[in-house]
Amino acid sequence: MLRVDLFTEQGRPFAHAEVAAGEWVRLDHPEPKALLAVIAGQAAGHGRVLLAGQDLVDKAPQERVRVGLAVCSGQLPDLPGMRVLDVLQLARPVRLRAASWRALLGSRRARAALGAEEATVRSIAERLGLTPWLEHPAVQLPAVVAAAADLAGGLAGVPRALVWREPQAHSEELAAVLADEQRRLGCAVLSLRRGEHAR
Amino acid sequence: MGVSAPGRRRPTAALGLLAVLAATSWPYVVPSAFAHRTGVQLLSLVLVGLSLTITVGWLRAISLFQPAAAAIGAGVTATLLTRDHSVGVAFVLATAGGAAVGLITLAVAVADPKRWLPPISLAVTAVVAVLVDQWVLRAFRRPTLLDIELSDDRALYLVGLAVTAAACLLVTRLRRTDLGRQLLAVGAGTLFASRRGVAAGAVQAQGIALSGALAGAAGWLTSLLHQGLPSPLEFAPVTAVAYLAIPVVGGVWSTAGALIGASLFLGATRLALLAGTSTLSVVAAALVVATMWWHPDGVAGLLGSRKPVLRLRRMLAGER
């Protein structure tokens with residue numbers, strides 16, 4: 001499902017991983033942040049990132065999300081003007097984005113579709129312990145809440161593959177919830193940790 | 001996750017309803033034509049404020065093309081109404097013209113909008129101000145709109161109020177739609193936004209177009225008020241800079257900020273006129289400095305904050 005074959009400019013191996021649908025692979029890497037940026041398409045990389053056989057190398061970051069790749073850094077920047085719930089709904093599936101405009105104009109069917117999607121997002125948030133924080137502004141959140149919100153935001157897009165940089169604190173709690181979500185979605189999960197050697 | 005969230009206050013819709021009732025009924029209590037015309041000017045500034053809320057507030061990009069968009073809106077309106085076209089058609093074309101100004105500005109600044117939008121938009125305003133100054137149009141008689149005689153200043157105010165109220169409702173509801181969320185995310189940083197599947201360029205274009213359309217609507221209203229083109233100073237680059245006081249003073253995030261900022265801006269400029277100074281930039285600069293010193297979130301941020309109430313409680317309890 002997800003295959004990562006990346007090299008440095010000098011041609012040395014940078015990272016390699018293969019994750020099947022429904023499988024979870026943990027990768028120890030000396031530069032997890034840089035690797036995440038390359039997989040997300042926000043930094044130049046050499047090699048291939050394949051999702052269900054589709055090469056993502058030439059695709060912009062937002063295109064990678066549209067084909068089903070979710071990238072979660074374990075952190076959340078300050079997002080003034082937004083609630084935590086808004087952040088979770090950012091990765092709303094494309095098919096529902098037009099519904100947002102129809103709902104603004106009063107379409108009941110669109111509102112029903114959006115209501116169902118919001119219920120799904122809220123249930124993910126509940127499993128990650130975020131329910132008390134949904135109406136809170138997405139600024140200066142405690143680290144564990146920010147990590148949970150970032151993960152919930154990635155899951156809300158119903159990804160085919162999720163690449164997750166494990167946070168330094170509370171990663172086991174979040175991993176337990178992520179395992180349940182992975183079983184529910186059947187997605188591939190590649191989690192990255194800082195480690196001495198790439199596997 | 002073992003961390004509890006602080007309590008949140010919810011805004012009241014009753015205050016909004018009260019404001020709408022007051023805004024609709026005061027022209028019948030105050031019969032002065034001067035007051036009605038001032039009301040129309042305020043509505044025009046509110047539309048500019050809403051335009052700036054989207055760019056300066058949500059997209060966090062300093063945009064100075066609002067006077068240019070308003071100038072095109074006013075010019076299109078005056079041109080059409082001198083040729084006896086309908087007010088509705090003038091409105092549509094004025095907002096489209098304003099949106100086009102915004103998009104042209106963004107197209108020139110596309111390499112790095114946050115860096116280049118301020119100087120490019122200021123340059124666009126300067127160019128449009130020169131062009132509009134050459135625009136020679138005769139005054140027109142205000143037509144009717146749906147059997148409403150707009151030559152009556154009170155009627156013009158009420159029509160302007162309906163348009164402005166619709167714009168306020170649109171911007172308020174927009175914030176909870178996908179586009180609103182995406183605008184805020186792009187403003188916070190394109191890195192995070194793109195990881196969530198947001199195409200920053202397309203979102204910026206939509207936001208700038210909407211902002212330009214709102215400024216174009218402000219120009220439409222101003223043209224109706226003046227029955228032609230207003231003074232060239234209204235579209236000058238210095239006015240573009242002064243307009244920044246509206247979101248800064250009122251609050252950059254919300255519709256309430258635009259309403260408050262526009263009211264304070266108009267009030268301050270009128271007071272300055274009475275005091276014998278008509279320098280718009282001085283008035284605007286004074287408002288901005290006072291806000292940044294006293295409460296950087298603006299008046300809307302202060303009203304939404306619990307700090308004054310907590311401070312008062314501590315004072316009453318005898319604490320320091």
Side-chain angles (χ1 to χ4, degrees), chain A residues 36-37 40-42 60-66 70-73 75-87 89-94 96-101 103-104 114 128-138 141-145 147-148 150 153-154 156-157 170 173-174, chain B residues 1-11 53-54 56-60 166 169-203 206 210 247 251-255 257 296-298 300-301 304-305:
Chain A
L36 198 77
Q42 290 169 331
Q62 58 272 16
E63 285 298 316
R64 299 183 189 209
V65 174
R66 287 201 194 114
V71 175
C72 301
S73 63
Q75 295 171 329
L76 206 64
D78 274 353
L79 297 160
M82 298 180 77
R83 305 166 300 171
V84 172
L85 179 61
D86 294 324
V87 176
Q89 289 182 302
L90 260 180
R92 171 174 281 164
V94 175
L96 283 177
R97 290 187 181 176
S100 179
W101 281 108
L104 194 66
L114 294 174
L128 281 163
L130 287 171
T131 302
W133 291 88
L134 289 178
E135 298 297 324
H136 192 275
L141 295 171
V144 62
V145 175
D150 180 54
H170 302 276
E173 295 173 44
L174 292 171
Chain B
M1 288 291 124
V3 183
S4 57
R8 302 295 312 155
R9 280 174 35 181
R10 299 179 67 85
T53 294
I54 292 174
V56 176
W58 298 0
L59 280 173
R60 292 210 243 174
L169 194 62
L170 172 73
V171 172
T172 303
R173 295 192 71 180
L174 183 69
R175 202 166 147 187
R176 294 289 176 246
T177 62
D178 280 333
L179 178 59
R181 283 190 279 265
Q182 288 166 5
L183 285 165
L184 287 162
V186 169
T190 52
L191 268 181
F192 175 77
S194 61
R195 276 192 196 173
R196 286 291 175 262
V198 178
V203 166
Q206 289 173 74
L210 183 59
V252 298
W253 303 114
S254 62
T255 310
D297 284 344
S305 161

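Below, read A as the first sequence line, B as the second, and so on, with proteins coming before strands; counting in each chain starts at 1.
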- Message: Could you check whether any side-chain heavy atom of B:Arg195 comes within less than 4.5 Å of a side-chain heavy atom of A:Val65, counting everything from C-beta outward?
- Response: no

- Based on non-hydrogen pairs under 4.5 Å, which of B:Gly57, B:Gly180, B:Gly189, B:Ala185 is most in contact with chain A? B:Ala185

- Item | Pairs of heavy atoms under 4.5 Å with chain A: top-ranked of B:Gly187, B:Ala188, B:Ala193, B:Ser194 | B:Ser194

Distance from [X] atom [atom1] to [Y] atom [atom2], nearest 0.5 Å?
{"X": "A:Met82", "Y": "B:Trp253", "atom1": "CE", "atom2": "CH2", "result": "10.5 Å"}
{"X": "A:Gln75", "Y": "B:Phe192", "atom1": "CD", "atom2": "CZ", "result": "11.5 Å"}
{"X": "B:Arg176", "Y": "A:Gln89", "atom1": "CZ", "atom2": "CD", "result": "9.5 Å"}

- Query: Closest approach of B:Ala199 and A:Arg66, non-hydrogen atoms and distance?
  - Reply: CB-NH2, 4.0 Å

- Item | Non-hydrogen atoms of B:Arg175 and A:Gly81 that approach each other most closely | NH2-O, 3.1 Å

- Query: So what's closer than 4.5 Å to chain B heavy atoms on A:Pro77: side chain, backbone, both or neither?
  - Reply: side chain

- Contact part of A:Leu76 toward chain B, heavy-atom cut-off under 4.5 Å: side chain, backbone, both or neither? side chain

- Message: Taking every non-hydrogen pair under 4.5 Å, which of A:Ala40, A:Cys72, A:Gly154 racks up the most with chain B?
- Response: A:Gly154

- Query: salt bridge (Lys or Arg N to Asp or Glu O under 4.0 Å) with A:Asp150: which residues, sequence neighbours excluded?
  - Reply: B:Arg196

- Item | Partners meeting side-chain contact (heavy atoms from CB on, under 4.5 Å) with B:Ala200 (sequence neighbours left out) | B:Val186, B:Thr190

